[in-house]
*Asks:* 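One structure coming up, written as C-alpha cells, with questions to follow.
A note on names: the letters A, B, ... follow the listed sequences, proteins ahead of strands, and every chain is numbered from 1.
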Amino acid sequence: MALQFYNTMSRSLEEFRPMEAGRVRMYTCGPTVYNRAHIGNFRAYVFEDLLRRHLKASGYALTHVMNLTDVDDKTIRTSLAEGLPLKDFTKRYIDGFFEDIAALNIERAEHYPAATDYIPEMIELIQALLDKGVAYASEDGSIYFSIEKFPEYGRLAHLDRAGLRPGARVAQDEFEKEDAADFALWKAWSEKDGDVAWDAPWGRGRPGWHIECSAMSMKYLGPSFDIHCGGVDNIFPHHECEIAQSESATGKPFVRYWLHCAHLVVDGKKMSKSLGNFFTLGDLLGEGFSGREIRYQLLATHYRQTLNFTREGLLAARAALARVDEFSDRLRQRAGSVVAGERPEWASAGLAAFRAAMDHDLNVSEGLAALFDMLRAGNKGLDGGEISPAGAAAALSVLAELDNVLGVLKPAGVEADADVLALVEQRQAARAAKQWAESDRLRDEIASRGWLVQDSAQGPKLRRK
RNA sequence: GGCGCGGUAGCCAAGUGGUAAGGCGGAGGUCUGCAAAACCUCUAUUCGUGGGUUCGAUUCCCACCCGCGCCUCCA
C-alpha cells in the first residue's frame, strides 16, 4: 500500500507523491517565542516529527522548515513590559524551545528561520502584491490584502464569504480596511510597538503575522512545495491567508498536501490556566515524568483525533515503555556481540505491519499494536530458547528501525556504580547460602540506590528504577 | 446560524459491510527461596439512542441526544 495522507484541502485520503522524486519539501508552523510552549503545542510538533521521521524511513530526503515567530503583538508587548530589546527577549524563548524539543527527542528541522531575519523578503513579497493590485495601503500606512481579489479564499477552511460572520473579535483598526475580512500584510508603526519597526517603501511598521510563512517558505522551498502542517486552528485564518498571498504573488499552486493535527485536552477538558490543567513541558518534567513518557503519550493517539492527556495516561506510557525497554535489553543480552543474521519471521512481520500502518496516514495506534505483537512473539521465543544470538541481533535492528520513527526507546543503558555492583555480589553470596533475609535486605538497599535487581537463569540483572 | 470533529470495555485507543487491534489497569495460572520480569488464560455477545437499507451494520443512510473545535492573528 502506498503512502497516503489525509489532505485537509480535499478532505480525503490521497496517495502521497512529492513534486521531486525522492525529496520532500515541507513547512510546519512553529512557535511564537514569547513564553514557554505548552503541552498542546508539543502535540503538534511531535506529530510533525513523526511525519518527518516516517518520511525519512520511507526513503525520502527531506527539506523541512519551521518558522520562529519572533515579532507579533505578544512578543512586542511582553518584551516592552520586561524592558528588554525584542531580540534579547525572544532569544530566551527560542533557546527554551530548542531545549524542550530536545527533551522530547524531536529531530531538528533543516531550517528554523526567525521572522525578523527575513523582513526584506517580506517587504519584497508585499511589494509584489501591491504591484499586482491585490493589496492596498490604508490611511495609516498599513497594507492589507484584498480578499475579493482572491476568489479561492476560504477553500481550505470550507468557509465562503457569506459564512464569515462579522464577529465580536473585530479589532479596533478594522475601519481602515476596505472589507472587514481583509487581513494585514504590514502594520503601520504605533506607539505600542516601541522601537520595533522597519522601514518599507510605504512607511515604517512591522509585518503582519501571515506574511512571514509565505516569504520564508518561498525562500527555502520555492513557490510550490509538498507538505504544510499545523494545528487545526491554523486552517483559518492563517493557512488560508498564506495561500492567498503566496498564490497571488507567484501564480503557482502553493502547497500540495495540507496536514493538520487536532488539539489535545487535559482530563477531557480544554486546557486552560483557570482550570489548572495548563502544562508546559517543564511542569511535567518537574513532576518526574520523562521526556519520552510525555512523547509516547503525545504520539500514541492518531494525529487527527483529539488527544486526552492525563496523568494516568503518562503512567500507562511509563509501564508500556518499561516493557519495551525490557524486551530490548533481553534481545541485547541474547545477541551479545554477534553479527545480525536472518530476521526472525515475527520481526519482519512486525516491521512490515508497522510500516503499513504508518503509510496509512500515520496510523500510529496500529503501528504500536504491531510493535507489541512483535514484542510478545519475541519474548515468547526468548522464553522458549528458540532465538539464536544472530536472530536476536537481527530483531534488535528491527526494533531500532521502528524506533527511528517512534523515537521512544531508552538511550543506551547506564552502568551501575561499583558499590552497587558490590552489593549485588554480596546478595548473590547470601542467596547461595540461602540467607534469604539478608538477600532481601540487600535487594532493598540496592533499590534505595536506584536500581532494581531481577534474578534470572542467567544471573542477577540490574535495571534503573 | 455556517463549517467540521467525536461518542468503542474501569481508563487510553485502533478498526472493518461479514461478526470487536493494541496499551494501561484488574483476576487467575506457569516460573521463582520470595519477588521482579516474561509467558498463558480471563476481563465489550457488543461499538451514544431510535429507525432504515442489507442475507448481514459498530461500519452505509435518516433522525435524535451528548461532548468538542473553528468562523480573523490560539498547535
*Asks:* Decide yes or no, distance alone: a donor-acceptor N/O pair under 3.5 angstrom between the base of B:G69 and the side-chain of A:Arg304.
*Replies:* no

*Asks:* For A:His210 together with A:His239, are the ring centres under 6.0 Å from each other?
*Replies:* no

*Asks:* Which part of the nucleic acid, if any, lies within reach of A:Ala370 when heavy atoms closer than 4.0 Å are counted: base, sugar-phosphate only, or nothing?
*Replies:* nothing

*Asks:* Within this structure, what is the CG-to-P distance between A:Leu315 and B:C11, rounded to whole angstrom?
*Replies:* 17 Å

*Asks:* Quote, to the nearest angstrom, the C1' distance that separates B:U8 from B:G48.
*Replies:*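 Looking at atom C1' only, B:U8 and B:G48 are 10 Å apart.
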
*Asks:* Salt-bridge test for A:Glu438 and A:Arg431: reply yes if a basic N is under 4.0 Å from a carboxylate O, no otherwise.
*Replies:*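 Between A:Arg431 and A:Glu438 there is no salt bridge, as every charged N stays at least 4.0 Å from the carboxylate O atoms.
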
*Asks:* Taking atom P of B:U72 as reference, at what distance in whole Å does atom CG of A:Asn234 sit?
*Replies:* 14 Å

*Asks:* Reckon A:Arg323 has a side-chain N or O less than 4.0 Å from the OP1 or OP2 of B:G23?
*Replies:*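 For B:G23, OP1/OP2 do have a side-chain N/O of A:Arg323 under 4.0 Å.
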
*Asks:* Between B:G33, B:C24, B:U72, which nucleotide has the shortest distance from any of its atoms to the side chain of A:Ala316?
*Replies:* B:C24

*Asks:* Cation over ring, A:Arg304 on A:Tyr6, under 6.0 Å and within 45°?
*Replies:* yes

*Asks:* Classify the nucleic acid contact of A:Leu264 as base, sugar-phosphate or nothing, counting any heavy atom under 4.0 Å across all strands shown.
*Replies:*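 The residue A:Leu264 makes base contact.
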
*Asks:* Taking the C1' atom of each, how far is B:A44 from B:C39, in whole Å?
*Replies:* 25 Å

*Asks:* Where the side chain of A:Arg376 is defined as all heavy atoms beyond and including C-beta, which of B:A38, B:C39, B:A21 is the nearest nucleotide?
*Replies:*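 So the side chain of A:Arg376 is nearest to B:C39.
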
*Asks:* Does a side chain donor of either A:Asp72 or A:Thr32 reach within less than 3.5 Å of an acceptor in the other side chain?
*Replies:*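 No donor-acceptor contact under 3.5 Å links the two side chains.
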
*Asks:* Using a heavy-atom cut-off of under 4.0 Å over every strand shown, decide if A:Val364 touches base, sugar-phosphate, or nothing.
*Replies:*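 A:Val364: no heavy atom of the nucleic acid under 4.0 Å.
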
*Asks:* Name the closest nucleotide to the A:Gln305 side chain, picking from B:G6, B:A75, B:C3.
*Replies:*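 Of B:G6, B:A75, B:C3, B:G6 is nearest to the side chain of A:Gln305.
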
*Asks:* Does B:G15 have OP1 or OP2 sitting under 4.0 Å from an N or O in the side chain of A:Asn363?
*Replies:* yes

*Asks:* Regarding B:C74, can its base be found pairing with the side chain of A:Asn41 as donor and acceptor, where the two atoms are less than 3.5 Å apart?
*Replies:* no

*Asks:* Do the side-chain N or O atoms of A:Arg11 get closer than 4.0 angstrom to the phosphate oxygens (OP1, OP2) of B:C3?
*Replies:* no

*Asks:* How far, in whole Å, is B:A63 from B:G1 if one measures between their P atoms?
*Replies:* 14 Å

*Asks:* Using Watson-Crick or G-U wobble geometry with both distances below 3.5 Å, tell me the partner of B:C34, or none.
*Replies:* none

*Asks:* State whether the number of non-hydrogen atoms from other residues, nucleotides or ligands found under 6.0 Å of A:Arg108 atom CZ is greater than 12.
*Replies:* yes

*Asks:* May I ask which nucleotide in the shown strands pairs with B:U45, Watson-Crick or G-U wobble, both distances under 3.5 Å?
*Replies:*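 B:U45 is paired with nothing.
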
*Asks:* Which base, if any, makes a Watson-Crick or G-U wobble pair with B:G22, both distances under 3.5 Å?
*Replies:* B:C12

*Asks:* Take atom C1' in B:A37 and the same atom in B:U30, then report the distance between them in whole Å.
*Replies:*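 Their C1' atoms lie roughly 13 Å apart.
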
*Asks:* Would you say the rings of A:Phe97 and A:Tyr45 are close, in the sense that their centroids are separated by under 6.0 Å?
*Replies:*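 So the answer is yes for these two rings.
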
*Asks:* Given B:A14, B:G23, B:A35, which nucleotide is nearest the side-chain atoms of A:Gln454?
*Replies:* B:A35

*Asks:* Name the nucleic acid region contacted by A:Lys269, choosing base, sugar-phosphate or nothing; use a 4.0 angstrom heavy-atom cut-off, strictly under.
*Replies:*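 The residue A:Lys269 makes no contact with any strand.
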
*Asks:* For the side chain of A:Met271, counting heavy atoms from C-beta on, which of B:A75, B:G33, B:C11 is nearest?
*Replies:*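 Looking only at side-chain atoms, A:Met271 lies closest to B:A75.
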
*Asks:* A:Glu366 side chain: which of B:A75, B:G15, B:C34 is closest?
*Replies:* B:G15

*Asks:* Can you tell which of B:A37, B:A75, B:C34 lies closest to the side chain of A:Glu326?
*Replies:* B:A37

*Asks:* For B:G50, which nucleotide in any strand shown is its Watson-Crick or wobble partner with both distances under 3.5 Å?
*Replies:* B:C62

*Asks:* Tell me which nucleotide among B:U72, B:C74, B:C73 gets nearest to the side chain of A:Tyr153.
*Replies:*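 It is B:U72.
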
*Asks:* Scan every strand shown for a Watson-Crick or G-U wobble partner of B:G4, both distances under 3.5 Å, and answer none if you come up empty.
*Replies:* B:C68

*Asks:* Could you check which of B:G33, B:A14, B:U72 has an atom nearest any side-chain atom of A:Arg431?
*Replies:*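 The closest nucleotide is B:G33.
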
*Asks:* Which listed nucleotide (B:C39, B:A38, B:C34) is nearest to the side chain of A:Lys380?
*Replies:* B:C39

*Asks:* Rounding to an integer number of Å, can you tell me how far A:Asn308 CG sits from B:G7 P?
*Replies:* 13 Å

*Asks:* Salt bridge or not for A:Asp444 and A:Arg441, using N-O below 4.0 Å?
*Replies:* no

*Asks:* Write down the distance separating the P atoms in B:U19 and B:C24, rounded off to the nearest Å.
*Replies:* 26 Å

*Asks:* If each of A:Ala437 and A:Asn379 is mapped to the nucleotide of RNA chain B with the nearest heavy atom, which maps nearer the 5' terminus, i.e. the 5' end?
*Replies:*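 The answer here is A:Ala437.
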
*Asks:* Atom NE2 of A:His239 and atom P of B:U72: how far apart are they, to the nearest Å?
*Replies:*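 Interatomic distance, NE2 of A:His239 to P of B:U72: 17 Å.
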
*Asks:* Quickly work out the A:Leu13 CG to B:G15 C1' distance and round it to whole Å.
*Replies:*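 Distance check: A:Leu13 CG to B:G15 C1' gives 14 Å.
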
*Asks:* With C1' as the reference atom in both, quote the distance from B:A14 to B:G7 in angstrom, rounded to an integer.
*Replies:* 15 Å

*Asks:* Looking only at side chains, do A:His38 and A:Thr280 share a donor and an acceptor under 3.5 Å apart?
*Replies:*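 A:His38 vs A:Thr280: no donor-acceptor pair found between side chains.
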
*Asks:* If you measure from the C1' atom in B:C55 to the same atom in B:C65, how many Å do you get, rounded?
*Replies:* 31 Å

*Asks:* Taking the nucleotide of RNA chain B with the closest heavy atom to each, which residue, A:Ala319 or A:Trp436, is nearer the 5' end?
*Replies:* A:Ala319

*Asks:* Using a cut-off of less than 4.0 Å, is there contact between a side-chain N or O of A:Lys270 and OP1 or OP2 of B:C74?
*Replies:*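 Result: no.
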
*Asks:* Between A:Lys410 and A:Asp403, is there a side-chain N and carboxylate O pair less than 4.0 Å apart?
*Replies:*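 No salt bridge links A:Lys410 with A:Asp403.
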
*Asks:* Tell me whether A:His263 is stacked on the nucleobase of B:A75, counting only the six-membered base ring and applying the 5.5 Å and 30° thresholds.
*Replies:*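 So yes, this residue stacks on that base, both cut-offs being met.
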
*Asks:* Answer with base, sugar-phosphate or nothing: what part of the nucleic acid does A:His302 contact at a heavy-atom distance below 4.0 Å?
*Replies:*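 Sugar-phosphate, no base atom in range.
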
*Asks:* One thing to verify: whether A:Asp329 and A:Arg332 come together as a salt bridge, which I'm taking to mean a side-chain N less than 4.0 angstrom from a carboxylate O.
*Replies:*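 Here A:Arg332 pairs with A:Asp329 in a salt bridge, since their nearest N and O are under 4.0 Å apart.
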
*Asks:* Round to a whole Å and report the spacing from CZ of A:Arg443 to P of B:A35.
*Replies:* 9 Å

*Asks:* In whole angstrom, give the distance that lies between atom CG of A:Leu442 and atom P of B:G33.
*Replies:*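 Spelled out: CG on A:Leu442 to P on B:G33 is 18 Å.
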
*Asks:* Round to a whole Å and report the spacing from CG of A:Leu156 to P of B:G4.
*Replies:*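 From A:Leu156 CG to B:G4 P: 13 Å.
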
*Asks:* Check the phosphate of B:A35 against A:Lys461, side-chain N and O only, distance under 4.0 Å to OP1 or OP2. Yes or no?
*Replies:* no

*Asks:* What is the nucleic acid contact for A:Gly230, judged by heavy atoms within less than 4.0 Å: base, sugar-phosphate only, or nothing?
*Replies:*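 The answer is sugar-phosphate, as A:Gly230 gets under 4.0 Å only of primed atoms, P, OP1 or OP2.
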
*Asks:* B:G52 and B:G17: how far apart are their C1' atoms, nearest whole angstrom?
*Replies:* 15 Å

